[in-house]
Peer 1: 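Structure in C-alpha cells, see below.
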Amino acid sequence: MIYNFNEIEAKWQKYWAKNQTFKAENQSDKPKFYVLDMFPYPSGAGLHVGHPLGYIASDIYARYKRHKGFNVLHPQGYDSFGLPAEQYAIQTGQHPAITTAENIKTYRRQLDQIGFSFDWSREVRTSDPSYYKWTQWIFIQLFNSWYNNESNKAEDISELIKLFASEGNANVNAVCDDDVEVFSAEEWNTFDSVKQQEILLQYRLTYLAETEVNWCPALGTVLANDEIVNGVSERGGHPVIRKKMTQWSMRISAYAERLLQGLDTIDWTDSLKESQRNWIGKSVGASVSFNVITSETKQSVNNENVTLNAVEGSHKIEVFTTRPDTIFGVSFMTLAPEHELVSQITTPAQKAEVEAYVEATAKRSERDRMADVKTITGAFTGAYVEHPFTKEPIPVWIGDYVLAGYGTGAVMSVPCGDQRDYDFAKHFNIPIPNIFEGVDISEEAFADKDKTIIANSDFLNGLNYKEATKKIIEELEKLGQGQGKTNYRLRDAVFSRQRYWGEPFPVYYVNGMPQMIDAKYLPISLPEVEKYLPTETGEPPLGNATVWAWDTAKNEVVSNDLINNKTIHPLELNTMPGWAGSSQYFNRYMDPHNDNEIFSQEAINYWQQVDLYIGGSEHATGHLLYSRFWQKFMFDKGLVPYDEFAKKLINQGMILGTSAFVSVLGIQVLFLDENEESSSKNESPKSIGVLVSKSEVEKYNSKQENKIDNFLNSLKGNSKYINSFGKTVTVHQINNIHADVSFVNASDELDIEAFKIWRPEFKDAEFITEEDGTFKVKREVEKMSKSKYNVVNPDQICIDYGADSLRLYEMFLGPLEQYKPWNTAGITGVHSFLKKLWKLYVDDNGLKVTNAEPSKDSLKTLHKTIKKVEEDIENFSFNTSVSTFMIAANELTAQKCTSKDILEPLLILISPYAPHIAEELWSQLGHNESIATAAFPTFDASHLVESNKVYPISFNGKMRFTMELPLDLSKEAIEEAVLAHEKTKEQLQGRTPKKVIIVPGKIVNIVG
RNA sequence: GCUCAAGUGGCGGAAUUGGUAGACGCGCUGGAUUCAAAAUCCAGUACUUUCGGGUGUGUGGGUUCGAUUCCCACCUUGAGUACCA
C-alpha cells in the first residue's frame, strides 16, 4: 500500500465536514480554549503559500488543545469590506458584493484543502448586513456615550445632559474637544437644540470634526500616506494636498491611559507592546501659553527693528513641552504651517513668504516631513510672543518639522536642548542661548535630562531637571500661563471613508446635525449605485445613490426625491473604515447567529476572551489598538467580562518569495555611416536579446574568460549584422528580468521552452548556457507578489505533495515569528519524511503494526519525542517539532520498530501537524473515532535515564576531544580520569593546568 | 528621521538558565538499484591545512575558565510610521 495522500486527504476532509468534528459547543464540561486567526481579507488573487502560515500554526495549537482535553473554539470568517473590491468595481462596474462572494468561495476551497480544523458553522463576513448590523449598533452606542474622567469610564450621554441641565459644564471632568466653551445650567437650558447638539458632539465618543486629510482633487478622494508617492497619487500621478474635511472621529484618546496600562496585563509580544506604547506616546511635561505681542504692547518691550502695528487683537500660542525646565532657553517659537494662528498673526511684510511656504508644505506628506531632517525649511511670520518670565520678545516662525496633528501644533523652540530646534536655529541664524551648566553646545544640542543642571535661567539656576520642572510649573501656574500636563501622541481616529464598499453609517442629518437611527431598524443596508466613483460635485460614492434618505415616520430608507427636511432627511454619505468590522468580530464568533443582541451574555461569559491570537505584526497599531479600544468601551458598558479581548498574541512572520532572474544581454547593433561615427539615418539600430546563464554573467562581471565576450566577438563580421557600408558597432548592457518561479527547478535550472512560451519576445533569442548545457537563473529573496512572478500557489503544492506536506513544510521553514523565504524545492524533505512515516505502519502487505513489546530504544525515542513536541508546541516552536518527528521516524525505522505501544502514541503527536495521515493510520489501527480528541500521550522520564555521559573535554574553552564517563562520578574522579587521558597530555604538552573546571553532566574545561 | 526586529555553511535553519557551533532538511559529490529516468537506499559535505593542527556565528571592543547566547559602539537588511489590508 502506497501513501496516496490525495485520496487520504480528500477522504478525511469530507469526514470532518460531514461529522462536524470541530464544531465548538457553547456549553461543555471541558475547560474552554479560544484560538483565533486574524481576519483574512479575501483578495481576488486567492491564497499564496505565505497566507496560511499563521493559520497552520494556530490549527496545530487548536488541535493540540483538543488532544489535551479542551473545548476549543477555532472559528474563521472574512473581513470582506475593502478597497481592492471597490477598485475592481470602479474598473469593471461589477458590484463588489459579487466579486467578494466569488473571492470568498476561492478562499474557502483553498482553506478546506489544507485541512484546517475550523468551526465553519460560526463563519462571519463583515460585509454581510446581518453582521454589520452590529457594527452600526456599536457606532450608535459610542455616539450615545461620553467619557467621565471621575469614574474613568464611558457613560451614557443622558447622564451628561442631566449634568449640563443642573450645573452646566464648568465642573464636568470629561474627555472632550479642546475648545469647549464654559456654560452654566441656565445657559444650557436656553440654548437651542442645534447648539446643544453641537456641544454634545464635543463630548461624544464618536463625533463629527474637521480633520486634516490627503486630498486628491483629480481622483476626488482621500488617500492614505501609503498611496502617495513623491507628493502625487500612486494611481495616476495626480497632485495631492492637505485639506480639512468634516469627518466622523472616534475619541480613542479618552482611553489612552487605559490602553497603555492594559498592555501590562496581556501576554503579547514585547515588540508589539512597544509599538503600541510609542503610538500612544505618553509624555509628561507642561502646557505653556505664550502671549502674542500686539501692536501696542510691542512698542514698549521691543528693542528690535521690526514692523510696528503688526498684530491685531490678542492671541495666545499654546504649546506642550516635556522640558518646561528649559523655558529660559527659548529663542523662537515654531508653529506648524497649518496652525490656525498663522494667518492671523503673520505681518503684512511676511505675508507673501509665509503663504508661499504654507502652500509648499501642503504638498508634502506627513511622513516626508518627519523623515526628512536634512532639508531645513521655514518662514518667519513677523510676529513675536512675549516670554512669560523675561518679557523679552520671541520671534514666531513656521516650520514643516512641526506637525499640526501632534500636540498643539506649536512648539517652544529651545535650540540648546533639542537637535531639531538647534538645526533650525543654525540654519536661520537664530541665537542659541545656552542654559546648561558646563555644557558645550557649539556643535550640537544637549538633550540629556539626567545630566542637566540649569543655568542662565533666573530662579531655576543650579537646579536639576526634576527640581527645575517642578519649580517652573509652580511659577507658570502663578502667572496663569501654564500647568503640568500629560500629553498623549495618540490622536483620535478618523472614522469616515469616502468609499462605497464599507458599512453605511446609521446616521441622517437634521439641520446639519447628525441623528442616530433607532437600533431596532438596523441594519441600514448599502444602497445600490450606478457608479462607485465620487460624484461630480465631490461627494462620496453614496452621493450617487438615488434611494438614500431616511423617513422618520416610516423608519425606512426612501428615495432622495422625497427629502423634505421635516420627516424625510438625507443620510450620511461616508462609509466606515476597514477596521470598523474587525474591531469586535472575535466576540461575535461566540454567538454569531444571534439576531437579538450582539452576543448573548451566556456565550460571552463562557468563552470570555481569546486565549491565543495569531496574526501579522502589521496590525500592531491599527486593528489591534482599535479593537482594544472597542473592547474597553464594551467593558464599560457591561457587555464583556474582560477589558482586553486577547490574552495572548503571537505575530507570525511573513513568508517571502524567492524570485528568479534571467540575465538579458541587450545588444544594439548600430549601422554606421562610412565616414562618421554616428548611426545612419535610414537604417534604425537593431536590438538583439541574448539570455545568459548565471555563472557566465558572474565570470563576465569578474572579467574572467566567458561566453559573453566570445559571443560579442562573434558578432563582428557576422554578415547578419553588417550593413551596406560594411561597418557595425555594438552597444550592450546586461539587465535582469523576472522569470516565473514555476519554470525553475530545485537546482535553479530554467525550463527554457516554458520560458519562451511565457515570454514570446524571446522566442528566437539566443541562450548562453552553463558548461553542462543547462541554463541557470539568479535567485533573490523579495516580498511574495504577483508582479515579481514569485508567487507560489498552495493548490499545486497540495496536488503534488499533499496538504500534510504543505503544513509540515510551512512550519519547518523556520521560527513562526521570523521572516523567511519560500523555496518549493525543499518540500521534498518533509514529503519523504511522511512517506517514511507511512512505511513504519504499512507495507506492501498492509498494516504491519504488531503487539510486540517495545524495545528500550524505541521507548526512549518515543518519550523524548513526547517531551520535545509538547515543549515545542507550548513555546510555539513548530519548526523544531518537525525536525524531532524526522529524527523519531529515522530512529524507529533503524530500530525496525513495529510495536503498537510506540506507533499509536506517535500518531497523536503528529496529528496536529499532519492530521490527514494521522487520521488514516489511526483508523487503520482499528479506531472508529477521529483521532482529533484522542488524549495526548504522557511523558515518562524514566525511559530517558542515562548512566553515562560523553563529556566534551575543552582546553581554554575549545572542545578538543570527548570522553565517556559514568554520570555518578565525583568531580575529583572526573578530573583524575581526564588528566590521565593520553590526549590531555598531548594538548598540554608538558604544561601544568592552571585550573580545571568541571560541571558534572555538562563539560570539562582545562585552563593552562 | 523615529521605533522595532533580524544578521550562523551554497540555502532554510538548530543549539530552550553562558557549557561539544552547524541538529533536521534542501542542494551538491560519490556509490547501490535501473535498459534508462523517476523513486528509493548507503556514504560524504563550514573553511583551511605542511594532515600535527589552525580558523570560524555581520564588524570592532569588553566581561568570563568558557560567549551564537551577556555588555558597549558600529555596519547591513527588513518592518511600522495614523485612509493598503
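Note that the structure is a prediction, hence the values are computed from the model and not measured. Per chain, numbering begins at 1; letters A, B, ... match sequence-line order.
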Peer 1: What is the distance, rounded to the nearest whole Å, between atom CD1 of Ile2(A) and atom C1' of rA39(B)?
Peer 2: 11 Å
Peer 1: Could you work out the separation of rA43(B) and rA37(B) based on their C1' atoms and round it to a whole Å?
Peer 2: 23 Å
Peer 1: Could you list the residues that satisfy side-chain hydrogen bond (donor to acceptor under 3.5 Å, both in side chains) with Lys243(A), not counting sequence neighbours?
Peer 2: none
Peer 1: Quote, to the nearest angstrom, the C1' distance that separates rG7(B) from rU59(B).
Peer 2: 11 Å
Peer 1: What about Tyr913(A) and Phe885(A), are their ring centers closer than 6.0 Å?
Peer 2: yes
Peer 1: Quick check: Tyr78(A) with Tyr41(A) (ring centres under 6.0 Å apart)?
Peer 2: no
Peer 1: Find the distance Leu624(A):CG to rU81(B):C1' and express it as a whole number of Å.
Peer 2: 16 Å
Peer 1: Need one value for Leu656(A): base, sugar-phosphate or nothing, where a base atom within 4.0 Å counts as base even if backbone is also close, heavy atoms only.
Peer 2: nothing
Peer 1: Just by protein heavy atoms under 4.0 Å, how would nucleotides 69-74 of chain B read 5' to 3' in B, S and -?
Peer 2: ------
Peer 1: Just how far, in rounded Å, is C1' of rU40(B) from CG of Asp843(A)?
Peer 2: 15 Å
Peer 1: Return the set of residues passing side-chain hydrogen bond (donor to acceptor under 3.5 Å, both in side chains) with Asn948(A) (not counting sequence neighbours), or none when no residue passes.
Peer 2: Glu964(A)
Peer 1: Which nucleotide in the set rA14(B), rU20(B), rC4(B) lies at the smallest distance from any side-chain heavy atom of Thr880(A)?
Peer 2: rA14(B)
Peer 1: Which nucleotide in the list rU40(B), rA14(B), rC83(B) gets nearest to the side chain of Gln247(A)?
Peer 2: rC83(B)
Peer 1: Taking side-chain contact (heavy atoms from CB on, under 4.5 Å) as the test, write out the residues that go with Asn103(A), two or more places apart.
Peer 2: Pro42(A)
Peer 1: State plainly whether the residues Glu891(A) and Lys864(A) are in salt-bridge range, i.e. N to O under 4.0 Å.
Peer 2: yes
Peer 1: As a test of reading the structure: which of rU40(B), rA85(B), rC83(B) is closest to the side chain of Val222(A), going by heavy atoms?
Peer 2: rC83(B)
Peer 1: Using ring centroids (six-membered ring only for Trp), state whether Phe39(A) and His623(A) fall under 6.0 Å.
Peer 2: no
Peer 1: Nearest whole Å is fine: how far is rG1(B) C1' from Asn278(A) CG?
Peer 2: 14 Å
Peer 1: Please report the distance, rounded to the nearest Å, between CE in Met654(A) and C1' in rG12(B).
Peer 2: 18 Å
Peer 1: Enumerate the protein-to-nucleotides 26-33 of chain B contacts in which both atoms are nitrogen or oxygen and the separation is below 3.5 Å.
Peer 2:
{"unit_1": "rC28(B)", "atom_1": "OP1", "unit_2": "Ser747(A)", "atom_2": "OG", "d": "2.8"}

Peer 1: Is it true that Glu274(A) and Arg277(A) make a salt bridge, defined as a side-chain N closer than 4.0 Å to a carboxylate O?
Peer 2: yes
Peer 1: When you get a sec, tell me which of rC41(B), rC83(B), rG19(B) is the closest nucleotide to the side chain of Ile997(A)?
Peer 2: rG19(B)
Peer 1: Starting the side chain at C-beta, find the nucleotide from rC83(B), rC24(B), rA14(B) nearest to Asn879(A).
Peer 2: rA14(B)
Peer 1: Toward the 5' end of RNA chain B, which comes first, Tyr951(A) or Ser877(A), by nearest nucleotide?
Peer 2: Ser877(A)
Peer 1: To the nearest Å, how far apart are Leu813(A) CG and rG12(B) P?
Peer 2: 11 Å
Peer 1: Considering every strand and a 4.0 Å limit on heavy-atom distances, what is the contact class for Gly82(A): base, sugar-phosphate, or nothing?
Peer 2: sugar-phosphate
Peer 1: Distance check: side-chain N/O of Asn1005(A) vs OP1/OP2 of rU20(B), anything under 4.0 Å?
Peer 2: no
Peer 1: Is it the case that the ring center of Phe495(A) lies less than 6.0 angstrom away from the ring center of Trp248(A)?
Peer 2: no
Peer 1: Using atom P in both nucleotides, what's the gap between rU64(B) and rU69(B) to the nearest angstrom?
Peer 2: 16 Å
Peer 1: Counting heavy atoms from C-beta on, name the nucleotide in rU20(B), rG78(B), rC83(B) closest to the side chain of Tyr819(A).
Peer 2: rG78(B)
Peer 1: Is Lys994(A) touching bases, backbone alone, or none of the nucleic acid, heavy atoms closer than 4.0 Å?
Peer 2: nothing
Peer 1: Can you check the distance between rC71(B) and rG54(B), where both ends of the measurement are the P atom (answer in whole Å)?
Peer 2: 31 Å
Peer 1: Count the heavy atoms of every other residue, nucleotide or ligand shown that sit under 6.0 Å from OH of Tyr88(A), and state whether that count exceeds 12.
Peer 2: no
Peer 1: Which nucleotide in the set rA79(B), rG25(B), rA5(B) lies at the smallest distance from any side-chain heavy atom of Phe812(A)?
Peer 2: rG25(B)
Peer 1: Using a 4.0 Å heavy-atom cut-off across all strands, classify Pro40(A) as base, sugar-phosphate, or nothing.
Peer 2: nothing
Peer 1: In whole Å, what is the span from the NZ atom of Lys783(A) to the P atom of rA85(B)?
Peer 2: 13 Å
Peer 1: Distances under 3.5 Å only, N/O to N/O: pair up the protein atoms with those of nucleotides 47-55 of chain B.
Peer 2:
{"unit_1": "rG54(B)", "atom_1": "OP2", "unit_2": "Arg960(A)", "atom_2": "NH1", "d": "3.0"}

Peer 1: Pick base, sugar-phosphate or nothing for Val950(A), based on heavy-atom distances below 4.0 Å to the nucleic acid.
Peer 2: base
Peer 1: Does a side-chain N-to-carboxylate-O contact under 4.0 Å join Glu871(A) and Lys867(A)?
Peer 2: yes
Peer 1: State which of rC24(B), rU17(B), rA82(B) makes the closest approach to the side chain of Arg491(A).
Peer 2: rA82(B)
Peer 1: Can you see whether Asn1005(A) engages Ser954(A) through a side-chain donor-acceptor pair at a distance of less than 3.5 angstrom?
Peer 2: no
Peer 1: Please state how far atom CE in Met811(A) lies from atom P in rG25(B), giving the value in whole angstrom units.
Peer 2: 19 Å
Peer 1: Less than 4.0 angstrom between a side-chain N/O of Gln818(A) and OP1 or OP2 of rG13(B), yes or no?
Peer 2: yes
Peer 1: Can you confirm whether Thr99(A) sits close enough to Glu86(A) that some side-chain heavy atom of one is under 4.5 Å from a side-chain heavy atom of the other?
Peer 2: no
Peer 1: Nearest to the side chain of Arg489(A) - rG19(B), rA82(B), rU3(B)?
Peer 2: rA82(B)
Peer 1: Would you check if the distance from the ring center of His831(A) to the ring center of Tyr809(A) is below 6.0 Å?
Peer 2: no
Peer 1: For the side chain of Trp279(A), counting heavy atoms from C-beta on, which of rG12(B), rA85(B), rA82(B) is nearest?
Peer 2: rA82(B)
